[in-house]
Amino acid sequence: MQSTTSSTNKNYQMTPSERDAFQTAFMTWYDENRRDLPWRQNQEPYRVWLSEIMLQQTQVQTVIPYYERFLATFPTVADLAAAPEDLLMKTWEGLGYYSRARNLQKAARQVVDDYNGQWPITAAELEKLAGIGPYTAGAIASICFGEVVPAIDGNAFRVFSRLLKIDADIANPKNRHIFYDAILPLIPKDRPGDFNQAVMDFGSQVCTAKNPTVGETALAPFFRSYQDGTLLDYPVKTKKAKQKPVAMFAVVIRSQKGLLFQKRPSTGLLANLSTYPLVAAEDLQVTDDELLTPEEQLARIEAYFKEAFALELQQLHESGLKPVVHVFTHLKWTITLLEAQLAADADLAFFPGQWYTEAQLADVALPTVQKKLAARLATN
DNA sequence: AAATCGTGGCA
DNA sequence: TTGCCAAGATT
């Protein structure tokens, strides 16, 4: 059959002799350069799984302290399954992508309840657990159970696109199978886990996004893009949209019981984490074509909190602090800090949210953006 | 299937 | 400062 699509029927294979030479050189490089990481002490699935979840879209040096703390707090999958959610989220605080933490506990309960505490050993079965997708399933199955299956992450996309000159757009999930088919025959059947970890180490230490040093290694002859000077043309990846700017207001409300916090909804951005009361300017119907004076805007915000939240506020005013800017994957918040005085007869129990003293906050999971707000306030 | 979901580092 | 990247999964 003739195909008109560009990248699905290109030759990304190696000859058997080239493949054998590549495998030998690649595994030798790994044996001489492998990193000593906390989750490589042994191949217990609980430890490997935890590391793989934490490492999703997160750099190694960021993960290490979280990994140690998490393991100390929840030593076994049964401990994690039985953990209170507040402690779980507090332990994950600051690491980001917080649904990972909740999925972690869901999967722990699946292992305990559905699998009688025995981890499934194939990638296909592992992928049925919450938070485990194709990459993580391949990583655990190969590292812990010796299954010959690729673990295709950002490193694998970069390494193999450059090795074999694969020009399929890695941002398109439909192209994943092209990499899967190209990588599978390259995996040494006796060392699949080491091979996948070698890809990660080589990708993060040598075949890097910027300033790659492939040419300084014994792998250089195998990299087709290096041989013709096109290394940096790979991987091919379409660009992501820019972060949407969002104007926010945070209101600092003090009482003798501490500061007022609100727990965010259980779904969506920063789910279940606590922040000062926040409102988006958009929700005040402050639009570009509706020009308000600062006084009018303040009045809108005050009215919003009084009506929607029934707060007994007096004298909402600007803090005079520089706005806090916080960038998410797809949003850019610019947060203006406001302060409010309570009415003399305000009923604290009536406020929506929780009053926390500084000591009480030690047990409350706060997102980094909230820590930035508190830090800005402390500069007074 | 494109959008959503955090944070820190770096040129 | 801005944009991109870093061991992706979910809906």
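Naming: A, B, ... by sequence-line order, numbering from 1 per chain. Because only heavy atoms are used, hydrogens play no part in the values below, and waters and symmetry mates are left out as well, while side chains stay in.
Here A:Ile53 lies out of heavy-atom contact (under 4.0 Å) with every strand. Residue A:Ala209 is classed as a sugar-phosphate contact, given heavy-atom separations below 4.0 Å to backbone atoms only. Across all strands, A:Ala271 comes closer than 4.0 Å to no nucleic acid atom at all (heavy-atom distances). Within 4.0 Å (heavy atoms only), A:Pro367 reaches sugar-phosphate atoms of the nucleic acid but no base atom. Within the 4.0 angstrom heavy-atom criterion, no nucleotide atom of any strand lies near A:Ser51. Using a 4.0 Å heavy-atom criterion, one finds that A:Lys332 contacts the sugar-phosphate atoms exclusively. Using a 4.0 Å heavy-atom criterion, one finds that A:Val63 contacts no nucleic acid atom at all. Looking at heavy-atom distances under 4.0 Å, A:Leu270 makes contact with sugar-phosphate atoms alone, never a base. When heavy atoms are screened at a 4.0 angstrom cut-off, A:Val199 is found touching no nucleic acid atom at all. Counting any heavy atom pair closer than 4.0 Å across all strands shown, A:Arg40 reaches a base atom. Contacts of A:Trp39 with the nucleic acid, taken as non-hydrogen atoms under 4.0 Å apart, include base atoms. Within the nucleic acid shown, A:Leu37 comes within 4.0 Å of at least one base atom, counting heavy atoms only. Looking at heavy-atom distances under 4.0 Å, A:Arg158 makes contact with sugar-phosphate atoms alone, never a base. When heavy atoms are screened at a 4.0 angstrom cut-off, A:Gly203 is found touching no nucleic acid atom at all.
Applying the 4.0 Å criterion to OP1 and OP2 of B:dT7, one finds that A:His326 has a side-chain N or O inside that range. Residue A:Tyr98 places at least one side-chain N or O under 4.0 Å from the OP1 or OP2 atom of B:dT7. Residue A:His330 has no polar side-chain atom (N or O) positioned under 4.0 Å from OP1 or OP2 of B:dT4. Checking the phosphate oxygens (OP1, OP2) of C:dA9, a side-chain nitrogen or oxygen of A:Thr136 falls inside 4.0 Å. Distances shorter than 4.0 Å separate some side-chain N or O of A:Lys242 from OP1 or OP2 on C:dG3. For C:dG8, neither phosphate oxygen OP1 nor OP2 lies less than 4.0 angstrom from any side-chain nitrogen or oxygen of A:Gln56.
The aromatic rings of A:Phe70 and A:Trp92 stand perpendicular to each other, their planes meeting at an angle above 60°, with 30° marking the opposite boundary. Under the 30°/60° scheme for interplanar angles, the aromatic rings of A:Phe202 and A:Phe26 are found to stand perpendicular. Between A:Tyr46 and A:Trp49, the ring-plane angle classifies as tilted under the 30° and 60° cut-offs.
Between the CH2 atom of A:Trp92 and the P atom of B:dG6 there is a distance of 11 Å, rounded to whole Å. Rounded to whole Å, atom P of C:dT11 lies 16 Å from atom CG of A:Leu269. If you measure from atom CG of A:Leu366 to atom C1' of B:dG6, you get 15 Å, rounded to the nearest angstrom. As a whole-Å value, the separation of A:Asn103 CG from C:dT10 C1' is 8 Å. Protein atom CG of A:Asn175 is 13 Å distant from nucleotide atom C1' of B:dA1, rounded to whole Å. Remark: P of B:dG8 and CD of A:Gln59 are 11 Å apart, rounded to the nearest angstrom. Distance A:Gln205 CD to C:dC5 C1': 17 Å, rounded to the nearest Å. The interatomic distance linking A:Gln370 (CD) with B:dG6 (C1') rounds to 15 Å, in whole Å.
Looking at A:Gln360, its side chain does come within 3.5 Å of a backbone N or O of A:Thr357 through a donor-acceptor pair.
Scanning atom types as modelled, no donor and acceptor separated by under 3.5 angstrom connect the side chain of A:Thr58 and the base of B:dG8. At a cut-off of 3.5 angstrom, counting only N and O atoms as typed in the model, there is no donor on one side facing an acceptor on the other between the side-chain of A:Arg176 and the base of B:dA1.
For A:Arg35, taking side-chain heavy atoms from C-beta onward, the closest of the listed nucleotides B:dG6, B:dG9, C:dA7 is C:dA7. Side-chain atoms of A:Pro134 lie closest to C:dA9 of the nucleotides B:dT7, C:dA7, C:dA9. In this structure, the nucleotide among C:dG8, B:dG8, C:dA7 sitting nearest to the side chain of A:Leu55 is C:dA7. Comparing atom distances between the A:Lys239 side chain and each of C:dA6, C:dG8, C:dC4 picks out C:dC4 as nearest.
Using P as the reference atom, B:dC5 and C:dA6 are 23 Å apart when rounded to the nearest Å. Atom C1' of C:dA7 sits at a distance of 22 Å from the matching atom of B:dA3, rounded to the whole Å. B:dG6 and C:dC5 have their C1' atoms separated by 14 Å, with the value rounded to a whole Å.
The number of heavy atoms from other shown groups lying within 6.0 Å of CD1 (A:Ile121) does not exceed 12. Heavy atoms of other residues, nucleotides or ligands lying less than 6.0 angstrom from CD of A:Gln61 number more than 12.
For A:Arg69 and A:Tyr66, the positive end sits near the middle of the six-membered ring, less than 6.0 Å away and at most 45° from its axis.
Residues A:Ser266 and A:Asn272 share a closest heavy-atom pair of CA-OD1, 3.2 Å.
Between A:Thr329 and A:Asn211, the residue anchored closer to the 5' end of DNA chain B is A:Thr329, taking for each the nucleotide with the nearest heavy atom. Residues A:Lys240 and A:Ala137 both approach DNA chain C. Their nearest nucleotides, taken by heavy-atom distance, put A:Lys240 toward the 5′ side. A residue-by-residue look at A:Lys174 and A:Arg102 shows that A:Lys174 has its nearest nucleotide of DNA chain B further toward the 5' end.
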